[in-house]
Amino acid sequence: MISSASDLPPRLGSLTFHGPLSAARADRMIARLAATEPADVLDIGCGWGELLLRVLEAAPMAKGAGIDINAEDLARGRALAGARGLADRVEFVEESALGTDRGPVDAILCLGSSQALCDPEQPHDPAAALRELRRLVRPGGRVVLGEGFWERTPTEVELAGMWPGANTGDHLSLGALVDLAVEAGFRPAWIETASAEEWEEFESGYRYDTEVWLAAHPGHPLAAETRERVDRQRSSWLNGYRRVLGIAYLTLVAVA
Ligand SMILES: C[S@@+](CC[C@H](N)C(=O)[O-])C[C@H]1O[C@@H](n2cnc3c(N)ncnc32)[C@H](O)[C@@H]1O
């Protein structure tokens, strides 16, 4: 069978945000940010930038820039901006955030993407990412950071079920992460963490379209590799990081 574009396995179409974030939590974070009336908002590793677009809707005087290295997600962001009348207030730029000079700005969003600020050859370094975020925001400005942390120390069995090479050094505790934010020159104005329900919505939504596609296309030339990929992803969640890996949403204020 020759595959056409329309019968290829779908990608992330069921997700609103590319992370375990509910609309209700997003609304609260956006309200706090919009109340500070930012003039400019930078979204680091924006993907399709749904949160950035919602911030711009809530802060009508603000201009936004989203940077990412994924052209497909950026194109989705541009299409969403156009459909919501925001195209003249936001740009989606294909470039790496590493060492970016797009600061200082009044507000930064960095959700699930602080690795974009760090040396890709080195283990992830939240302290370095936080120093970069502080460099890129004006004194008194705000950063909304979505960052992984260990809800508790994982067992050896759980680590073996996660991603290749997973080890306890991959993340910090929530307390240690917030301490690093303070050391980097922020006050942690709001500290919240993704709920079990947000994780289940995200993990299921991440694969939903693909699972439905697999059920309908068992003989497709791409079915075997697609099945292998989603089975591996689901296992790494259910047999590895479920209820062990957390996501913290930190609203940080840059100390003057
Ligand atoms: C988990 S996604 C989060 C996307 C978005 N922040 C959200 O919450 O919906 C992580 C994003 O970081 C981007 N990314 C990874 N390395 C990057 C880099 N060096 N510069 C810019 N973006 C990068 C990826 O392409 C991906 O879109």
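Remember, it's a predicted structure, so these values are computed and weren't measured experimentally. Whatever order the structure lists them in is the order used to number ligands and atoms, beginning at 1.
Under a 4.0 Å N-O distance rule, the pair Arg25/Glu198 qualifies as a salt bridge. A salt bridge does not link Glu183 with Arg131: every distance from a Lys NZ or Arg NE/NH1/NH2 to an Asp or Glu carboxylate oxygen is 4.0 Å or more. A salt bridge links Arg84 with Glu50: the distance from a Lys NZ or Arg NE/NH1/NH2 to an Asp or Glu carboxylate oxygen falls below 4.0 Å. No salt bridge links Lys63 with Glu91; every basic N to acidic carboxylate O contact stays at or beyond 4.0 Å.
Considering backbone and side-chain N/O atoms, Gly19 never comes within less than 3.5 Å of an N/O atom of ligand 1. Considering backbone and side-chain atoms alike, Ile44 places every N or O at 3.5 Å or more from each N or O of ligand 1. In terms of polar-atom proximity, Ala97 is counted as a contact of ligand 1, with an N or O under 3.5 Å from an N or O of the ligand. At under 3.5 Å, a nitrogen or oxygen of His18, whether backbone or side chain, sits near a nitrogen or oxygen of ligand 1.
The side-chain contact (heavy atoms from CB on, under 4.5 Å) test with Ile44 singles out one residue from Leu109, Leu136, Leu111, and that residue is Leu136.
Contacts with ligand 1 closer than 4.0 Å are made by backbone heavy atoms (N, CA, C, O) of Cys46 only, the side chain lying farther away.
Counting only heavy atoms from C-beta outward, the side chains of Glu94 and Ile69 never approach each other to under 4.5 Å. Looking at Thr251 and Arg142, their side chains come closer than 4.5 Å, going by heavy atoms from C-beta outward.
The option with the heavy atom closest to atom 19 (N) of ligand 1, from among Gly66, Ser96, Ala26, is Ser96. Closest heavy-atom approach to atom 26 (C) of ligand 1 within the set Asn70, Asp68, Thr100: this belongs to Asp68.
Residue, atom and distance of the protein heavy atom nearest to atom 8 (O) of ligand 1 are Leu111 O, 3.4 Å. If you check which protein heavy atom lies closest to atom 16 (N) of ligand 1, you get Ile69 CD1, 3.5 Å. Closest protein heavy atom to atom 10 (C) of ligand 1: Gly112 O, 3.5 Å. Given atom 12 (O) of ligand 1, the protein heavy atom at minimum distance is Ser113 CB, 3.5 Å. The closest protein non-hydrogen atom to atom 4 (C) of ligand 1 is Gly45 O, 3.2 Å. For atom 18 (C) of ligand 1, the closest non-hydrogen atom of the protein is Ala116 CB, 3.3 Å.
Annotation: cation-pi geometry satisfied between Arg32 and Trp190 (NZ/CZ under 6.0 angstrom from ring centroid, within 45° of ring axis).
With no hydrogens or angles considered, no side-chain donor-acceptor pair links Asp170 and Trp150 at under 3.5 Å.
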